[in-house]
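Residue numbers begin at 1 in each chain, while the letters A, B, ... track the order of the sequences. The basis for the numbers below is simple: all heavy atoms, side chains too, and nothing from hydrogens, waters or symmetry mates.
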2 protein chains.
Amino acid sequence: METIRSHTAVHALSALAQEHRLAIFRLLVQAGRTGLPAGQIAKQLDMPASSLSFHLSHLKKGGVVSDERDGRSIIYRADFQAMNRLMAFLLENCCEGDACAPADAK
Amino acid sequence: METIRSHTAVHALSALAQEHRLAIFRLLVQAGRTGLPAGQIAKQLDMPASSLSFHLSHLKKGGVVSDERDGRSIIYRADFQAMNRLMAFLLENCCEGDACAPADAK
DNA sequence: TCCATATTTCCAGTAATATCGAAATATAAA
DNA sequence: TTTATATTTCGATATTACTGGAAATATGGA
């Protein structure tokens with residue numbers, strides 16, 4: 001797995017660091033590979049189309065979701081690879097190689 | 001492992017969603033259980049004491065680091081348990097129980 | 001072509017966040 | 001008790017983010 005840069009991680013994190021966007025992302029996580037069209041997300045989370053669109057583009061720029069047009073809908077999906085890279089980055093080189101605190105903390 | 005609430009996750013994520021704070025956090029991750037005094041962090045990342053303090057308190061409020069006074073220094077440590085909870089929350093109930101996309105994406 | 005549906009872009013107002021010097025606080029050493 | 005060190009709080013300013021209605025764009029169906 002390739003490693004990411006710090007500012008890439010910041011973008012991903014700030015994409016997720018907002019109630020609405022986190023809710024959108026988690027909905028997409030649950031939807032899995034199938035994903036969800038924007039309209040479905042708007043309906044399930046009860047938000048105005050313009051707000052949703054604003055947040056979706058933020059999530060996309062942050063690299064944590066992808067989009068694909070399907071007819072007049074646009075399907076959004078969580079990017080699981082990106083998430084795994086982000087998590088690896090957060091705990092990179094942890095604990096100076098000692099008995100690993102993250103692992104023990106589980 | 002207990003589960004966290006959405007707004008707890010947002011606080012943790014926005015704590016990490018900033019270049020300086022992410023750098024501080026990753027430094028603390030590398031330091032492991034030992035942690036680092038604020039002054040050491042300031043020196044290694046070359047930032048003004050007031051800025052560092054602002055960011056440290058943000059990280060603390062976000063629950064991703066803890067602090068402990070030691071003489072006139074204050075030792076900061078990454079909270080690995082909190083991180084594990086956060087990561088679990090992000091991928092909660094993924095993929096409707098199908099073959100799991102996050103696992104495959106590794 | 002003309003209309004309906006799905007989504008995005010634009011805009012302006014409002015709110016939240018980042019910065020860092022100076023002053024304040026807490027602890028330890030002389 | 002005076003002085004030095006470590007860190008935080010205050011305050012003013014600058015920047016960035018959030019919101020949602022209205023208009024624009026893209027697609028598909030009649």
Boundaries of the DNA chain D segment in contact with chain B, non-hydrogen, under 4.0 Å: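 Span of nucleotides near chain B: dA4(D) to dT9(D).
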
For H20(A), which residues count as a ring pair (Phe, Tyr, Trp, His ring centres under 6.0 Å) partner, sequence neighbours excluded?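 Ring pair (Phe, Tyr, Trp, His ring centres under 6.0 Å) list for H20(A), sorted by chain: H55(A).
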
Residues in salt bridge (Lys or Arg N to Asp or Glu O under 4.0 Å) contact with E19(B), at least two apart in sequence or another chain: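 Applying salt bridge (Lys or Arg N to Asp or Glu O under 4.0 Å) to E19(B) gives none.
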
Value in whole Å for how far the P atom of dT5(C) lies from NZ of K43(A):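 In whole Å, dT5(C) P and K43(A) NZ are 13 Å from each other.
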
Could you pull out all residues at least two apart from E68(A) that satisfy side-chain hydrogen bond (donor to acceptor under 3.5 Å, both in side chains)?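 Partners of E68(A) under the side-chain hydrogen bond (donor to acceptor under 3.5 Å, both in side chains) test: R77(A).
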
Qualifying residues under side-chain contact (heavy atoms from CB on, under 4.5 Å), relative to [X], sequence neighbours excluded:
X      : value
A82(A) : D79(A), R85(A)
L22(A) : R26(A), S6(B), A9(B), V10(B), L13(B), F89(B), L90(B)
A31(A) : L36(A)
T8(B)  : I4(B), R5(B)

Inter-residue atom distance I75(B).CD1 - I41(B).CD1, 0.5 Å rounding: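 The CD1 atom of I41(B) is 9.0 Å from CD1 of I75(B), to the nearest 0.5 Å.
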
Close N/O contacts between protein and nucleotides 17-20 of chain C (under 3.5 Å):
from	atom 1	to	atom 2	distance (Å)
dA18(C)	OP1	R21(B)	NH1	3.4
dA18(C)	OP1	R21(B)	NH2	2.9
dA18(C)	OP2	R21(B)	NH1	3.2
dT19(C)	OP2	H55(B)	NE2	2.6
dC20(C)	OP2	S51(B)	OG	3.4

Please list all pairs passing the salt bridge (Lys or Arg N to Asp or Glu O under 4.0 Å) test where one or both residues lie in residues 36-60 of chain A, with sequence neighbours left out.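 For residues 36-60 of chain A, and leaving out neighbouring residues, the salt bridge (Lys or Arg N to Asp or Glu O under 4.0 Å) pairs sorted by first residue read K60(A)-D67(A).
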
Residues from residues 63-77 of chain A sitting under 4.0 Å of DNA chain C, heavy atoms only?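 Within residues 63-77 of chain A, the residues near DNA chain C are R72(A), S73(A), I74(A), Y76(A).
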
Using a 4.0 Å heavy-atom cut-off across all strands, classify A38(A) as base, sugar-phosphate, or nothing.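 Sugar-phosphate contact only.
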
Does R21(A) reach the main-chain N or O of A23(A) with its side chain, forming a donor-acceptor pair under 3.5 Å?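 Side chain of R21(A) to backbone of A23(A): no pair is present.
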
